[in-house]
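Here is the structure we will look at, set down as structure tokens.
In this text the structure is predicted, and so the values were computed from the model without any measurement. Sequence lines set the chain letters: A, B, ... in the order given, protein chains first and strands last, and positions in each chain run from 1.
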Amino acid sequence: MHQKADIPQIDYWYYIENIIKEVLQTYGYREIRTPAFEHTELFVRGIGETTDIVNKEMFTFQDRKGRSLTLRPEGTAPVVRAFLEHNMSRENPLAKLFYLGNMFRCEKPQAGRYRQFNQFGLEAIGSQSPLIDAEIIQASLEIYKKIGLADLKLIINSVGCRKCRPKYLKALKDYFRDRKELLCSDCRERYDKNPLRILDCKKKQCQKEVKNSPTIFDYLCEDCKNHFRKLREYLDSLEITYQVNPLLVRGLDYYTKTAFEIISGELGSQNAIGGGGRYDYLVEELGGKYTPSVGFAAGIERIVSTMEKQAVRIPSWEGIKVFVATVSSEDNSSALKIVKQIRENGVSAEMDFLDKSIKAQMRLANKLNVSYVLIVGQEELKEQKVTIKNMSNGQQEKVAISKILPYIKTSQEE
RNA sequence: GUGGGCGUAGCUCAGUCAGGUUAGAGCCCUGGAUUGUGGCUCCAGUGGUCAUGGGUUCAAAUCCCAUCGCUCACCCCA
């Protein structure tokens with residue numbers, strides 16, 4: 001299974017994860033870690049039976065007792081499950097949680113899309129206020145900004161609620177009824193199952209028909225209209241620029257009211273770097289009481305790939321500071337002790353474990369790009385000393401073993 | 001799920017179209033250039049079931065089929 005977290009990229013991952021944790025800490029979100037798999041039913045009910053994720057993208061298997069389990073394709077449903085299972089609403093009427101972990105979708109991999117990938121996401125469970133929608137958007141944008149990504153676009157929309165969406169769906173169906181034959185085969189199916197999805201079909205023939213279709217904004221109820229208006233007001237006051245796109249429909253059924261997506265021009269075909277929205281009925285759907293909520297999720301691989309395209313600079317591994325070389329194998333235990341002493345004082349140190357000659361050890365030290373090589377030999381040990389060689393200027397001198405650390409540390413500050 | 005491209009050493013690749021001696025290069029790695037010392041240079045060396053399985057042939061990395069994997073696009077999404 002392809003996993004884009006191997007050694008050459010690990011510095012990116014550390015960097016991103018640290019920023020996520022730091023930023024979300026300041027927003028009051030607590031990390032939650034849920035299992036990599038759940039009962040299949042959770043996703044079917046949560047994400048929706050008509051979605052692509054549930055229909056064709058889940059890694060589903062049976063355990064020994066015949067129960068159907070599924071590797072999580074997304075993070076929100078598991079978080080809500082945990083929220084309910086632990087009765088978090090009793091602790092706090094508004095649960096602010098974030099997660100960071102791998103997700104699985106059974107599809108053909110391609111650029112920016114992997115069967116196992118990583119997302120971070122945040123969920124605010126328990127508030128119906130558009131204020132929290134704005135906070136979630138703000139938090140996610142701040143993370144991108146701290147990471148150093150530029151030129152990201154925020155697109156927002158409202159997809160209505162239980163009250164007004166059915167009216168809109170009916171209007172859509174009325175509109176497309178006579179034009180069904182002009183749509184692609186997928187959209188003809190969507191017409192019956194989930195007409196909203198026709199809106200973001202990328203086929204030219206469908207877009208042509210979508211152009212004059214009824215817009216959701218004519219059908220939103222007062223509550224949804226106000227919510228959207230307030231959200232825009234809050235975003236404006238935060239000086240967040242955005243585009244309203246009434247055709248933005250997300251792939252998960254649970255969204256209500258606010259839906260948003262953040263895209264990066266650099267990514268090509270898979271351009272969504274993150275997305276989210278409000279899911280007012282999900283908690284209820286999963287067996288809790290009505291608990292309006294909003295969340296966001298982003299793909300780490302896509303962040304890394306955008307960082308690479310934008311040449312974002314990150315701190316990298318500092319490497320090893322000191323190499324302790326031995327003249328012969330009889331010096332090994334002394335060297336081992338010296339290495340230990342250096343490491344205990346917080347300085348990174350390495351030695352040879354392959355019985356290399358001193359020449360080979362010097363080469364290794366050079367390859368490791370260390371600042372100092374300490375040479376341990378009988379000649380030095382007789383006087384309780386080691387030879388310290390400064391690898392940048394080649395100079396060396398004998399130093400008492402007890403003075404090694406002060407020597408290294410003071411020279412380091414120069 | 002649909003359709004392209006690819007799979008030869010740790011890495012980047014040549015060799016495949018026109019089958020034919022022990023499958024090559026660069027980088028990396030290891031060792032050496034007098035005996036306790038790096039970088040540059042020079043010399044030498046290690047390393048490959050040519051993705052896997054089957055077929056055609058006197059002969060297959062090379063042709064054919066299947067499988068697996070990777071990759072790109074579509075769908076959709078992160």
Side-chain angles (χ1 to χ4, degrees), chain A residues 1-4 6-8 47 50-58 72-76 100-121 140 144 184-187 189-190 194 197 200-204 206 248-252 261-264 267-276 296-306 323-331 352 354-381 386-396 398:
Chain A
M1 195 132 314
H2 199 78
Q3 173 97 51
K4 285 233 162 174
D6 45 18
I7 294 295
I47 300 170
T50 63
T51 58
D52 284 341
I53 292 181
V54 168
N55 276 315
K56 51 179 202 188
E57 292 173 7
M58 295 205 300
R72 59 180 176 195
E74 61 102 45
T76 301
L100 196 54
N102 37 13
M103 306 294 158
F104 306 82
R105 289 185 200 170
C106 185
E107 14 175 20
K108 264 203 173 172
Q110 65 182 19
R113 181 159 75 216
Y114 311 100
R115 284 175 298 199
Q116 175 173 338
F117 59 102
N118 288 267
Q119 284 189 332
F120 79 89
S140 53
Y144 291 129
C184 69
S185 58
D186 286 336
C187 283
E189 256 186 67
R190 289 177 183 135
N194 191 353
R197 306 235 43 153
D200 71 348
C201 182
K202 286 172 188 89
K203 295 234 168 66
K204 275 211 179 104
C206 301
L248 174 69
V249 175
R250 310 218 68 245
L252 297 90
E261 205 158 83
I262 291 163
I263 61 177
S264 159
L267 290 179
S269 200
Q270 267 66 45
N271 65 355
I273 195 168
F296 166 81
I300 312 269
E301 284 83 355
R302 289 186 186 178
I303 292 175
V304 170
S305 142
T306 307
F323 189 94
V324 178
T326 53
V327 173
S328 82
S329 59
E330 59 183 324
D331 311 316
D352 166 52
L354 300 173
D355 281 321
K356 287 173 186 285
S357 67
I358 180 134
K359 189 190 190 73
Q361 290 179 65
M362 290 304 293
R363 275 196 199 141
L364 176 56
N366 182 61
K367 198 174 70 181
L368 292 173
N369 201 20
V370 300
S371 307
Y372 299 98
V373 173
L374 312 198
I375 296 164
V376 180
Q378 292 305 302
E379 203 182 287
E380 288 85 353
L381 290 174
V386 296
T387 297
I388 299 187
K389 177 163 187 170
N390 180 325
M391 292 297 273
S392 52
N393 60 19
Q395 288 174 359
Q396 61 185 53
K398 284 188 188 171

For [N], give the paired nucleotide (Watson-Crick: N1-N3 plus N6-O4 or O6-N4; G-U: N1-O2 and O6-N3; both under 3.5 Å), or none.
N: B/C63; result: B/G55
N: B/G38; result: none
N: B/G3; result: B/C72
N: B/U22; result: none
N: B/G47; result: none

Classify [X] by what it touches in the nucleic acid, base, sugar-phosphate, or nothing, heavy-atom distance under 4.0 Å.
X: A/R105; value: base
X: A/I303; value: nothing
X: A/Q378; value: nothing
X: A/E379; value: base
X: A/Q361; value: nothing
X: A/I273; value: sugar-phosphate
X: A/I358; value: sugar-phosphate

- Task: Carefully, step by step, assess A/F323 and A/N366 under the rule side-chain contact (heavy atoms from CB on, under 4.5 Å).
- Result: CA-CA 9 Å; A/F323 189 94; A/N366 182 61; over 6 Å; no
Gap between atoms [atom1] and [atom2], on [X] and [N] respectively (whole Å):
X: A/K56; N: B/C77; atom1: NZ; atom2: P; value: 9 Å
X: A/N271; N: B/C74; atom1: CG; atom2: P; value: 10 Å
X: A/R113; N: B/C75; atom1: CZ; atom2: P; value: 10 Å
X: A/Q119; N: B/C77; atom1: CD; atom2: C1'; value: 9 Å
X: A/F104; N: B/A78; atom1: CZ; atom2: C1'; value: 14 Å
X: A/D186; N: B/C74; atom1: CG; atom2: C1'; value: 10 Å
X: A/D52; N: B/A78; atom1: CG; atom2: C1'; value: 14 Å
X: A/I375; N: B/G36; atom1: CD1; atom2: C1'; value: 7 Å

- Start at the 5' end of RNA chain B and walk down; is the nucleotide closest to A/G274 or to A/G394 reached first?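 Final value for this comparison: A/G394.
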- Message: Here's a test of your reading of the structure: between A/V376 and A/G275, which maps to the more 5' nucleotide of RNA chain B?
- Response: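 Per heavy-atom nearest nucleotide, the more 5' residue is A/V376.
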Any donor-acceptor pair, under 3.5 Å, between the side chain of [X] and the base of [N], if you only look at N and O atoms?
X: A/E107; N: B/A78; value: yes
X: A/R302; N: B/C77; value: yes
X: A/K389; N: B/G38; value: yes
X: A/E380; N: B/G36; value: yes

- Does A/R113 reach the side chain of A/R302, with side-chain heavy atoms less than 4.5 Å apart?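 A side-chain contact exists here, since the closest heavy-atom pair is under 4.5 Å.
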- Message: Any non-hydrogen side-chain atom of A/F117 less than 4.5 Å from a side-chain atom of A/R105?
- Response: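 In contact.
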- Item | By side chain to side chain donor-acceptor pair (under 3.5 Å) - contacts of A/S357 (at least two apart) |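 Side chain to side chain donor-acceptor pair (under 3.5 Å) check on A/S357 returns nothing, list empty.
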- Go through the structure and list residues passing side chain to side chain donor-acceptor pair (under 3.5 Å) with A/Q378, not counting sequence neighbours.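 Partners of A/Q378 under the side chain to side chain donor-acceptor pair (under 3.5 Å) test: A/D331.
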N/O contacts under 3.5 Å, protein versus nucleotides 28-34 of chain B?
residue: B/C29; atom: OP1; partner: A/K367; partner atom: NZ; Å: 3.4
residue: B/U30; atom: OP1; partner: A/K356; partner atom: NZ; Å: 3.2

- How far, in whole Å, is B/U46 from B/G5 if one measures between their P atoms?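 It comes out at 39 Å once rounded to the nearest Å.
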- Task: Please name the pair of heavy atoms, one in A/T387 and one in A/Q396, separated by the smallest distance, quoted to 0.1 Å.
- Result: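 Nearest pair, atom of A/T387 first, then A/Q396: CG2-NE2, 3.6 Å.
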